[in-house]
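Written below as structure tokens is the structure these notes are about.
Both ligands and their constituent atoms are indexed starting at 1 by order of listing. For clarity, every value in this text was computed on a predicted model and none was experimentally measured.
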Amino acid sequence: MAEMSLPRVVADGPLAVDVLELLAGKAEILPWPTEDSPPPRSVDAVYTFGHPRVDAALLDRLGPLKVISNYGVGVDHIDVAAATARGIPVGNTPGILDGATADLGFALLLAAARRVVEGDRYARSAEFTQYDPAYMLGREAHHATLGIVGMGRIGCEVAKRARGFDMTVLYHNRNRRPEQEAAFGARYVAFGELLAESDYVMLTLPLTDATRGLIGRDALARMKPTATLINVARGPVVDMMALYDALSTRKIWSAALDVTDPEPLPRDHPLLLLDNITILPHLGSATAQTRRKMAELSVENLLLGLRGEPLRHQVRA
Ligand code: 8YV
């Protein structure tokens, strides 16, 4: 019997063990093409694990593809319109990482409010020789006002958690969401009002042309001097230098970022030197359980696309 050749899939790596295990015997994994090397021949599909740029030029270099499958929800690194114009479906993994990402958003909120990371650094340092009740005063999370920018699936999960902390929940979104207002006691407000009223502003919206740089100098100037900015969305929604200026001059109290622009920040970036910022290396969905589900769904989308069948989740341009 003639040996069946496996579909050829270009992927950025190193891929997680889960993904490799699910693809074993089902696809041949090819390295991500570099600018100066000729692209691999006869490619059937693209699998994006981190956030490598997939633009029209890359699609043209790779030739006709059956599918692009993304490990994750956000597809701002993929030109979905260019893929759609070439008849290539783009798959993603919505609905399975909202809880994990909202948990992390809340972890960041509490860490910033109660100076958890700063306290840990101090408790381990040589300076900690005597307890002093006057140091490291934080700010309360319970009964504070939380402003959620982007009331999608993750925003709703954040709102749900906020109720347990007796928080007043404001939100801003492209469209009002009356069902969510009723379910989570959230109040729709204009963007400016959200910035001015919130003790915590949490970003849970996608990166698009409309949201790039949304939190710049103007937005930061409208926030309370006691406020904290939390970003679990995408780095470029926040202007990093405007944030640096606001934090270093204490125009806002603190920030907690799971995502930055670029990612990672250059090692000599001034934000890394500030005490009133907590930065994580993009851990929103990073739990063993959620990442396993993301691996399963993204591989399922890939294999369905390779067979020419509808994807479980297809991104529409
Ligand atoms: C992933 C994410 O970690 O789903 C998203 O949009 O940002 C994260 O859950 C990421 O896509 C994988 O690199």
Side-chain angles (χ1 to χ4, degrees), residues 9-23 29 31-32 45-55 58 67-80 83 90-108 148-158 161 202-212 214-215 230-238 240 256-265 279-302 311-317:
V9 178
V10 159
D12 66 307
L15 294 171
V17 174
D18 276 0
V19 177
L20 288 171
E21 182 192 298
L22 291 162
L23 286 175
I29 305 299
W32 199 260
V46 163
Y47 183 84
T48 47
F49 181 64
H51 300 138
R53 179 136 297 285
V54 180
D55 54 16
L58 179 74
V67 60
I68 299 168
S69 177
N70 183 56
Y71 175 92
V73 178
V75 288
D76 44 280
H77 53 295
I78 302 174
D79 186 339
V80 179
V90 177
N92 70 343
T93 65
I96 51 179
L97 48 74
D98 314 324
T101 308
D103 283 353
L104 191 87
F106 240 87
L108 281 173
I148 301 174
V149 186
M151 198 60 138
R153 283 178 295 254
I154 296 170
C156 289
E157 288 295 322
V158 171
R161 283 152 181 74
M202 194 176 306
L203 308 176
T204 54
L205 73 177
L207 174 64
T208 63
D209 288 343
T211 65
R212 187 176 296 276
L214 182 74
I215 305 294
I230 301 127
N231 189 3
V232 290
R234 281 290 184 267
V237 174
V238 179
M240 293 286 117
L257 311 179
D258 186 37
V259 287
T260 56
D261 178 27
E263 210 165 81
L265 286 174
I279 308 181
L280 294 181
H282 200 143
L283 297 181
S285 62
T287 66
Q289 297 94 325
T290 290
R291 287 282 166 90
R292 174 74 197 182
K293 289 183 203 154
M294 289 163 68
E296 285 168 356
L297 184 48
S298 58
V299 167
E300 188 183 349
N301 278 335
L302 178 77
L311 312 188
R312 276 271 305 283
H313 290 284
Q314 183 175 340
V315 184
R316 305 286 166 184

**Report entry** Cationic N near anionic O, under 4.0 Å, Arg291 to Asp18
**Finding:**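 So Arg291 does not pair with Asp18 through a salt bridge.
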Requested in this report: For side-chain hydrogen bond (donor to acceptor under 3.5 Å, both in side chains), just list the numbers for Asp76 and His51, CA-CA rounded to whole Å, side-chain angles, deciding distance to a tenth of an Å, and then say yes or no.
Outcome: CA-CA 8 Å; Asp76 44 280; His51 300 138; over 6 Å; no
Query raised in the report: Any idea which heavy atoms bring Val158 and Phe106 closest together, and the distance?
Result: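 The pair with the smallest heavy-atom distance is O-CE1, 3.8 Å.
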For ligand 1, list every N/O pair with the protein closer than 3.5 Å, one pair per line with the distance.
{"unit_1": "ligand 1", "atom_1": "3 (O)", "unit_2": "Ser285", "atom_2": "OG", "d": "3.2"}
{"unit_1": "ligand 1", "atom_1": "3 (O)", "unit_2": "Arg291", "atom_2": "NH2", "d": "3.0"}
{"unit_1": "ligand 1", "atom_1": "4 (O)", "unit_2": "Val73", "atom_2": "N", "d": "2.7"}
{"unit_1": "ligand 1", "atom_1": "6 (O)", "unit_2": "Val73", "atom_2": "N", "d": "3.4"}
{"unit_1": "ligand 1", "atom_1": "6 (O)", "unit_2": "Gly74", "atom_2": "N", "d": "2.8"}
{"unit_1": "ligand 1", "atom_1": "6 (O)", "unit_2": "Arg234", "atom_2": "NH2", "d": "2.8"}
{"unit_1": "ligand 1", "atom_1": "7 (O)", "unit_2": "Arg234", "atom_2": "NH1", "d": "2.8"}
{"unit_1": "ligand 1", "atom_1": "7 (O)", "unit_2": "Arg234", "atom_2": "NH2", "d": "3.2"}
{"unit_1": "ligand 1", "atom_1": "7 (O)", "unit_2": "His282", "atom_2": "NE2", "d": "2.7"}
{"unit_1": "ligand 1", "atom_1": "9 (O)", "unit_2": "Ser285", "atom_2": "OG", "d": "2.7"}
{"unit_1": "ligand 1", "atom_1": "11 (O)", "unit_2": "His51", "atom_2": "NE2", "d": "2.9"}
{"unit_1": "ligand 1", "atom_1": "11 (O)", "unit_2": "Tyr71", "atom_2": "O", "d": "3.2"}
{"unit_1": "ligand 1", "atom_1": "13 (O)", "unit_2": "Phe49", "atom_2": "O", "d": "3.0"}
{"unit_1": "ligand 1", "atom_1": "13 (O)", "unit_2": "His51", "atom_2": "NE2", "d": "3.4"}

Query raised in the report: Name the one of Ile230, Val238, Val232 that satisfies side chain to side chain contact (heavy atoms under 4.5 Å, CB included) with Leu203?
Result: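 It is Val238; the other options fail the test.
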Requested in this report: Among Val259, Leu104, Leu257, find the residue that satisfies the side chain to side chain contact (heavy atoms under 4.5 Å, CB included) test when tested with Leu280.
Outcome: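 Checked Val259, Leu104, Leu257 against Leu280; only one passes side chain to side chain contact (heavy atoms under 4.5 Å, CB included): Leu104.
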Query raised in the report: Going by heavy atoms in the side chains, are Arg234 and Pro206 under 4.5 Å from each other?
Result: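 No; the side chains remain at least 4.5 Å from each other.
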